[in-house]
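If you read the sequence from its start, that first residue is 1, and numbering goes on from there.
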Amino acid sequence: MPRRQILCISGGGYAGLFAAKFLAALEGEIKSSSTIGSHFDAFAGTSVGGMMALALAQGKSAAQVLSVMKDVGTKVFPKKRGGLLRALWGPKHEAAPLRMQLQNLLGTARFGSLKCPAIVTAVDLASATPRIFRTYPNRNESDSGISLLDVALATSAAPIFFPPHKIGNGLFADGGLVANIPDHLAILEAVDRWGWQSNDIYVLSIGTTYTPAGLLTNSVKGWGFFKWARKKNLLEISMSAQMALAREVATRLLPARHIVRIDPALGPEQAKAIGLDVSTAAAKETLQALAEREVINLDPLVKKQFLGHVPGPL
């Protein structure tokens, strides 16, 4: 059976600049004029990773995606952000600037126009269940009539940061609430719906950097609202545990050597400069420098295998 490659991109807000820069730098090492996306058979993404996955599946270059991500920093996440009072009563950021950037990137195309399999995660707020937007050429279960723009806005509607996104009668929120790392979902989709053999599947999984999470356990007292809310303890512990579970499931579905995960841990000073909606010069420079380092340090054999792959017939 032929080798099948899936590109998975995690969520992470503006820290998605890391993933965009990594892919653009990797694309720059391709000897032909092909895009990074043309070397993958399928795509999966969550939140900002979902936006990028859709663009790459559509045929956009990683360089184009990187250019948009840089604009997102100044236009979608301006330095003057909504404060605590605004966040109590509404989202910190308006959706209109994000919509404009995504419309410039994705145009008016429908999900079904993609020529290869793709999945993007979100949460259906009406039923409080995961919503996986999916397409597979010539399959009835594809969400072919939904626009790429609507899918991108749904997967990136992060609570507190952006308002939920409405598609038809449905209301959707950020896919990071259920699967910030979509690797395991992509593998299950490939095996159960696309009919691929697990031994033939290889995954390049791109994160958006992370800060190791964990709390002191020397006390069982004081675990009220302020303890959980302090320094985003509840959010960070929840997200860290969710992502650890996703990684474990993925490695049980495929041989470990079939999954290459790119997601560097941040040092203490770096962590202070990087956030979901932080687009300062320090954040931009740090994220891009980390991405360049990861490309340089990537195993040459792994790089050759992923970049040398030419997708076959579906």
Side-chain angles (χ1 to χ4, degrees), residues 5-26 36-37 40 42-57 62 65-66 69 72 118-123 130-133 151-152 154-159 161-162 173-190 202-213 235-251 253-254 259-266 270-271 274-278 283 286-288 290-291 294-295 298 306:
Q5 295 191 167
I6 306 176
L7 178 61
C8 297
I9 312 176
S10 304
Y14 190 64
L17 179 63
F18 166 84
K21 180 63 177 181
F22 176 87
L23 290 168
L26 195 59
I36 187 73
F40 289 86
F43 300 83
T46 293
S47 196
V48 67
M51 303 176 199
M52 289 189 271
L54 290 173
L56 296 172
V65 173
L66 176 61
M69 280 301 300
V72 164
I119 66 168
V120 174
T121 66
V123 171
R131 176 63 161 96
I132 301 177
F133 294 97
V151 174
T155 190
S156 59
F161 294 96
F162 292 106
D174 195 301
L177 292 173
V178 66
N180 206 51
I181 295 178
D183 305 13
H184 58 310
L185 299 179
I187 297 167
L188 287 171
E189 195 83 1
Y202 291 79
V203 174
L204 179 58
S205 174
I206 314 298
T208 54
T209 74
Y210 73 98
T211 302
L235 175 63
E236 290 189 357
I237 292 296
S238 176
M239 292 296 289
S240 180
Q242 180 218 107
M243 291 190 287
L245 178 60
R247 290 193 296 269
E248 181 178 344
V249 172
T251 54
L253 294 171
L254 295 185
I259 303 175
V260 176
R261 176 73 177 167
I262 308 295
D263 193 25
L266 299 175
Q270 294 170 334
I274 293 171
L276 290 173
D277 63 342
V278 178
T286 300
L287 289 165
Q288 293 185 86
L290 288 170
E294 291 297 318
V295 171
L298 186 61
F306 276 104

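- Across all their heavy atoms, Q242 and L177 have their closest contact at NE2-O, 3.6 Å.
- Taking both residues in full, the closest heavy atoms of G13 and M69 are given as O-CE, 4.3 Å, listed atom of the first, atom of the second, then distance.
- Taken from CZ in F162 to CG in D277, the straight-line distance is 8.0 Å, to the nearest 0.5 Å.
- By the 4.5 Å heavy-atom criterion applied to side chains, L23 and L7 are counted as neighbours.
- Counting heavy atoms from C-beta on, the side chains of L290 and T286 come closer than 4.5 Å.
- Remark: the backbone N or O of V151 is not paired with any side-chain donor or acceptor of T155 at under 3.5 angstrom.
- In this structure, OH on Y202 lies 9.5 Å from CG on L254, to the nearest 0.5 angstrom.
- A 4.5 Å side-chain heavy-atom check between E189 and P182 finds every atom pair outside the cut-off.
- Across every non-hydrogen atom of T211 and A271, the tightest pair is OG1-CB, 3.5 Å.
- The closest side-chain heavy-atom distance from V72 to V48 is not below 4.5 Å.
- Shown here for A19 and M52, the closest heavy-atom pair between the two residues is CB-CE, 3.8 Å.
- The side-chain heavy atoms of T46 and I181, taken from C-beta on, include no pair separated by under 4.5 Å.
- Of all heavy-atom pairs between F43 and L56, the closest is CE2-CB, 3.9 Å.
- Applying side chain to side chain contact (heavy atoms under 4.5 Å, CB included) to C8 and the options L204, I259, I119, D183 leaves one that passes, D183.
- Between Y14 atom OH and L276 atom CG the span is 13.0 Å, to the nearest 0.5 Å.
- Minimum interatomic distance between H184 and A179 (heavy atoms only, all atoms of both residues): CE1-CB, 4.3 Å.
- From M243, atom CE reaches atom OH of Y210 across 9.5 Å, with rounding to the nearest 0.5 Å.
- Within the 4.5 Å cutoff, side-chain heavy atoms of V260 are placed close to those of F306.
- R261 and S10 are linked by a side-chain donor-acceptor pair at a separation below 3.5 angstrom, with hydrogens and angles left out of the test.
- For D263 (side chain) and T208 (main-chain N/O), a donor-acceptor pair under 3.5 Å exists by modelled atom type.
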